[in-house]
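Data first, discussion second: the structure below is written as structure tokens.
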Amino acid sequence: MTKVYVMSTCPDCVQVKAQLANHPDYELIDIGEHVRHLKAFLRLRDSHPAFDAIKARGAVGIPCFVDEQGNVSFDADAFCPAATAPEAEEIAPGAACNLDGTGC
């Protein structure tokens, strides 16, 4: 089962959550729902090299997909089944969750 780290206030995550809702192959983990989810995500973010480029540009790194082998990806298109995708909500260019306060 693929773990998907998301947050309800992230525009990209909202779309991913809608696409993967009730899909048995994915475990949606909202890091804003409980501190234990945030801690698990931060442990991953602080230790996995896939986050190096994400952190360098000041981004959070969500949505984040972790497959059963521990591989990390940020490519929603590769993980979200297109057949169940709802109409994409128009998101302004640059609307991304960054630690420096830009976006979101």
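Quantities reported herein were computed from a predicted structural model and do not represent experimental measurements. We number each residue from 1, following the sequence as shown.
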(request) Could you walk me through whether Asp67 and Thr2 pass side-chain contact (heavy atoms from CB on, under 4.5 Å), step by step? (result) CA-CA 4 Å; Asp67 68 16; Thr2 298; 4.2 Å; yes
(request) Enter the distance from Phe74:CZ to Phe79:CZ here, rounded to the nearest 0.5 Å. (result) 10.5 Å
(message) I need the His48 NE2 to Asn71 CG distance, nearest 0.5 Å.
(response) 6.5 Å
(request) Return yes when atom CG of Asp52 has more than 12 non-hydrogen atoms of other residues, nucleotides or ligands closer than 6.0 Å, and no otherwise. (result) yes
(message) As a quick check of understanding, evaluate side-chain contact (heavy atoms from CB on, under 4.5 Å) for Tyr5 and Val66, giving each step before the final call.
(response) CA-CA 8 Å; Tyr5 290 96; Val66 183; 4.0 Å; yes
(request) Check whether any side-chain heavy atom of Leu20 sits under 4.5 Å from a side-chain heavy atom of Phe65, and report yes or no. (result) yes
(message) Looking at every non-hydrogen atom in both residues, tell me the closest pair between Pro63 and Cys13 and how far apart they are.
(response) N-SG, 3.6 Å
(request) Could you tell me the separation between the CG atom of Leu28 and the CD atom of Gln19, rounded to the nearest 0.5 Å? (result) 11.0 Å
Anything under 3.5 Å between a donor and an acceptor, one on a side chain of residues 30-37, the other on a protein residue two or more places apart or in another chain? List them.
unit_1: Asp30; atom_1: OD1; unit_2: Gly32; atom_2: N; d: 2.8
unit_1: Asp30; atom_1: OD2; unit_2: Ser8; atom_2: N; d: 3.3
unit_1: Asp30; atom_1: OD2; unit_2: Lys17; atom_2: NZ; d: 3.2
unit_1: His34; atom_1: ND1; unit_2: Arg36; atom_2: N; d: 3.0
unit_1: His34; atom_1: NE2; unit_2: Arg36; atom_2: NH1; d: 3.2

(message) For Ile54 and Cys64: C-alpha separation, side-chain torsions, deciding distance, then whether side-chain contact (heavy atoms from CB on, under 4.5 Å) applies.
(response) CA-CA 11 Å; Ile54 298 290; Cys64 173; over 6 Å; no
